[in-house]
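Presented below is the structure to which this report refers.
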Amino acid sequence: MAKRSGEAPSTAEAFVKKVPVLFFLVRQGGAYKVGRRWGIFDTLAVRVIDDVTVADGESSKTVVAFTEIPPHSPDVKAVEIPTQIALERVFFHIQGVSRLIINPRREIDGLAVQQAGIESVVPEHFSPEQTLLRAEIPEILGAFALPKRKVVDIVERGERAFRKNSLFEAVCLARRAKQQDVADNHRPWFVELMAVSFMGLPDEALSLYEQYIVRGTSEPESQLVAARFRLLLKQYNEARTILHTLTFNADLGAIASCELARSYVASGEFDRAIDLATTAIQKDPTYLESYLVRGIAQRGLSYPVGDEEGLGEALKDFEKVAQAGGFNAPEALFHAGTIFGRLGALEQAEIALRQSLFQRDRYASRDALVRVLCAAKKFAAAREELDLLCALAPSVTEELRKEVQTHLTTSEVEKGDGASALWSDEVAAALKSAREALHAWTVPIRGELLDFAILDDFINRYAPAGEFMAAGAKELLCDVGVAAVGRSIALHLGGLLVSECGASWDTEHASARVSVISRKGTRLPLETFVHERILLGASGDNFSSLESLVAEAHLAEGIVSSLAEYRSPLWHEAGIKEVEEFQRQADWAREKVAALGAELTGSLRDLEEIDRTIEAAFEPGGVVQEVAKPVLGDEVERFVVGLGLLVGDVIARNATATWCTHELPEGFSLLIVDLGRVFPVARVQRRVYLSSAADPTSTLGSFAFGVAAAIMASRIRAGVYRDRPHVLTAFKDLLPSVSSFSEEELDVVVNALFERGRVA
């Protein structure tokens with residue numbers, strides 16, 4: 001048992017514990033306002049510290065306080081804050097304030113903007129000047145949390161504090177134990193190292209780790225600390241090797257399982273993380289970190305798809321952590337706030353985020369609060385918070401400012417009562433309004449034909465399932481709505497076709513939707529086309545991309561032009577090695593499909609066969625059927641991507657097509673003559689996870705028909721087929737299922753192919 005603590009507190013600790021409150025002199029200006037509060041929770045004026053800004057480039061970011069109110073100029077306000085609260089605010093400041101100077105007797109460098117240049121005099125009777133570095137504050141805060149009576153077993157209490165997430169207290173007790181003659185001296189080292197590793201003090205943590213008395217040994221605590229620091233350095237495989245063994249340790253198994261779960265959260269393997277965090281909770285229900293990690297993993301799994309049941313499970317874990325208090329309660333409240341926002345409970349989201357910020361200031365929470373306030377149409381409050389955030393973090397808020405500005409101006413471009421210029425009959429006014437709206441929404445446009453490809457990629461990224469995503473970088477577009485966004489894009493593209501391709505605006509047509517007439521007289525219904533492009537998502541086969549509109553306009557004028565001229569810079573033509581890798585994955589998927597009973601021949605008929613395989617292997621929503629589990633095992637995601645690449649491989653074998661890469665598999669595309677850009681992986685993902693065979697437009701058979709039609713149109717244009725009977729026979733050979741069409745339907749198809757092939 002450890003001895004009673006007879007160690008005297010540090011000079012800094014003794015000083016601040018004698019000071020019940022600290023006074024801050026601040027000057028109001030710009031976005032900074034004395035008296036602004038974190039909603040209903042803040043009666044302590046902590047924003048006097050939270051919202052002070054330090055200019056970029058300052059090497060030592062400093063805040064000044066006083067033990068009493070000194071004489072000062074009349075344009076300055078003095079605000080008192082309890083000392084413990086003040087220290088917490090300095091430690092958690094968004095800009096990483098490096099030091100707090102109390103009762104300064106000299107000129108201070110690196111002062112916060114609102115404190116620089118204040119004329120004040122510190123009388124001699126004030127307490128001496130004291131400098132507290134950020135790294136010293138955790139131990140002092142821990143001392144505030146200790147009971148007045150002596151702690152009998154410092155190490156045991158420190159370990160208990162760590163498991164309950166009281167990290168400041170854990171650090172304080174661990175350091176006191178290290179100063180005493182403790183039998184198991186490595187235990188306080190372990191507690192301090194683990195606690196500091198969570199505090200955002202990387203230099204101090206690494207320096208402490210280098211001094212660790214049992215570093216590199218086979219001691220379980222040493223191994224766990226080593227794994228923890230490897231996680232901090234993103235060395236996940238090395239960390240996992242250590243942690244897997246430690247999960248069987250009776251004393252440290254819960255912490256090891258939790259850290260292992262954290263490593264899988266970092267790599268996006270949320271299902272595995274949930275299982276490991278649950279195991280950690282079963283091993284030690286008092287270790288709160290496990291609930292936080294499980295909640296984050298569950299949120300990561302459920303948030304993108306809006307799974308309300310999964311989000312509810314995550315909320316339970318976050319609420320448990322938040323109610324228990326401790327170091328990570330603010331993070332739990334932040335995640336809870338984002339979940340409430342995803343569920344549309346904006347009032348609850350605002351409350352949770354303000355509670356989080358009241359306890360700990362961080363950029364992510366401020367960013368989320370601004371977005372929630374905008375979604376709740378509390379624009380004045382959103383602008384106030386945004387102005388402060390931009391002052392505190394100017395280098396990372398440019399995109400957020402643009403998006404919020406768009407929220408504030410959305411009412412000017414929404415249809416509303418029909419008075420908006422976007423829906424004006426005056427084409428020039430509508431086009432001007434559309435382009436202003438696109439710029440305000442930060443939709444990427446350059447004012448050249450390349451915009452057709454750029455906007456196509458934009459839709460693929462942000463409206464993959466038929467509407468703009470309700471969360472993420474372009475969540476505002478979900479609020480604006482497909483009607484306004486689609487009309488704006490159609491007007492912009494129409495303007496390009498008029499200026500670059502000799503088209504003219506269609507003002508005579510009865511429909512109020514945007515359309516243009518090519519120089520040859522072909523009507524292009526742009527607004528309808530763009531609308532369908534968004535609603536069908538990246539996997540639609542509506543001939544297929546916006547780029548095909550450029551081809552239509554050029555071909556209508558008798559100009560033969562390859563779509564390759566309009567390839568988006570957001571895609572890059574796949575190199576030899578990339579195409580070889582696509583082929584390897586496609587071959588792997590082909591073996592799996594064969595094992596599931598499919599018979600592939602290399603023709604476009606294979607797409608229909610693959611579709612039947614998907615129907616047999618997956619239930620609606622993407623759940624693997626029992627019959628497919630032995631074949632797919634734990635490689636379901638790889639199989640879905642591989643199927644997409646297999647579909648692409650089949651297309652590339654039958655059509656003139658070029659593979660293009662993208663940062664995400666669902667963005668892998670094929671550029672096909674007469675069809676434009678198609679997304680085989682996205683198409684398969686949509687088929688597996690979102691659609692069923694009951695939806696004819698979603699099937700790969702429908703996709704195969706679109707590809708076959710494009711191939712036939714290309715061959716007609718090249719003069720390979722010159723009469724309708726020849727076309728009909730060749731089309732049936734290319735895609736045998738066409739034979740099931742009625743004669744009337746086949747006549748319509750053939751006539752359409754000749755029209756598309758521009759052969760009389």
Side-chain angles (χ1 to χ4, degrees), residues 236-237 240 264 267-269 271-272 457 460-461 464 538-539 541 544 564 567-568 570-618 622 624-625 627-673 675 677-689 699-701 703-704 707 711:
Y236 300 126
N237 290 333
R240 288 168 185 168
Y264 286 113
S267 59
E269 299 173 72
D271 280 321
R272 188 173 294 185
D457 180 59
N460 181 44
R461 286 169 182 247
S539 54
D541 51 16
S544 161
R567 291 182 184 178
S568 168
L570 300 173
W571 287 285
H572 301 282
E573 184 173 332
I576 295 175
K577 291 185 177 179
E578 291 167 316
V579 173
E580 289 175 349
E581 179 59 28
F582 291 167
Q583 185 66 59
R584 280 193 291 272
Q585 295 301 323
D587 290 342
W588 177 85
R590 186 180 283 106
E591 293 178 1
K592 295 292 183 182
V593 169
L596 291 170
E599 297 181 3
L600 304 183
T601 64
S603 69
L604 288 179
R605 170 193 166 278
D606 286 357
L607 301 191
E608 298 171 333
E609 188 72 3
I610 292 170
D611 200 85
R612 284 190 286 272
T613 302
I614 290 174
E615 192 69 16
F618 295 93
V624 180
Q625 300 267 29
V627 67
K629 287 181 178 179
V631 176
L632 302 185
D634 60 356
E635 295 184 297
V636 177
E637 291 184 10
R638 181 188 176 189
F639 177 67
V640 173
V641 173
L643 273 186
L645 294 171
L646 176 58
V647 167
D649 181 60
V650 171
I651 293 171
R653 291 173 184 269
N654 289 273
T656 302
T658 303
W659 273 110
C660 296
T661 61
H662 194 273
E663 61 188 36
L664 298 173
E666 53 266 34
F668 294 162
S669 61
L670 279 170
L671 194 62
I672 305 174
V673 174
L675 186 56
R677 192 179 300 280
V678 296
F679 307 89
V681 176
R683 182 75 193 215
V684 170
Q685 288 176 333
R686 184 184 178 95
R687 176 67 179 86
V688 171
Y689 298 123
T699 64
L700 298 183
F703 192 31
V707 174
I711 293 171

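Only heavy atoms go into these numbers, but all of them, side chains included; no hydrogens, no water, no symmetry mates.
In this structure the side chain of W588 never reaches within 4.5 angstrom of the side chain of L646, judged on heavy atoms. Residues V636 and F618 meet the side-chain proximity criterion, which asks for heavy atoms closer than 4.5 Å. Taking the side chain as every heavy atom from C-beta outward, L670 and T658 never approach each other to under 4.5 Å. A heavy-atom distance below 4.5 Å is not found between the side chains of V707 and N654. Contact check for F668 versus E578: no side-chain heavy atoms found under the 4.5 Å cut-off. Taking the side chain as every heavy atom from C-beta outward, V681 and V640 never approach each other to under 4.5 Å. The shortest side-chain heavy-atom distance between V684 and I610 does not fall under the 4.5 Å cut-off.
Environment of CD in E581: crowded, with over 12 heavy atoms of neighbouring residues, nucleotides or ligands closer than 6.0 Å.
Proximity of a side-chain donor or acceptor of E609 to a complementary backbone N or O of A598 within less than 3.5 Å is not detected.
When all heavy atoms of G602 and V650 are compared, the pair lying nearest together is O-CG1, 4.3 Å. Summarising the geometry of S669 relative to P680, their closest heavy-atom pair is CA-CD, 4.3 Å, with the distance given to 0.1 Å. The minimum heavy-atom distance linking V631 with A595 is given by the pair CG1-CB, 4.0 Å. Taking every heavy atom of both residues into account, K629 and V624 meet most closely at CE-O, 3.6 Å.
Listed by chain and number, the residues in a side chain to side chain donor-acceptor pair (under 3.5 Å) with R590 are D587, D649 (sequence neighbours excluded). Not counting sequence neighbours, F639 has no partner by the ring-ring contact (aromatic ring centres under 6.0 Å, His included) test. Remark: E608 engages no residue in a salt bridge (charged side-chain N to carboxylate O under 4.0 Å, His left out) (not counting sequence neighbours).
Atom CD of residue Q585 and atom CZ of residue R638 lie 4.5 Å apart, to the nearest 0.5 angstrom. The line from CD of Q625 to CD1 of I614 is 12.5 Å long, rounded to the nearest 0.5 Å. A distance of 9.5 Å separates CG in L645 from CD in Q583, rounded to the nearest 0.5 Å. Taking CG of L596 as the reference point, atom OG1 of T613 lies at 6.5 Å (rounded to 0.5 Å). With rounding to the nearest 0.5 Å, the separation of CD1 in I711 from CD1 in I651 is 8.5 Å.
No side-chain donor from either of S267 and R272 sits under 3.5 Å from a side-chain acceptor of the other.
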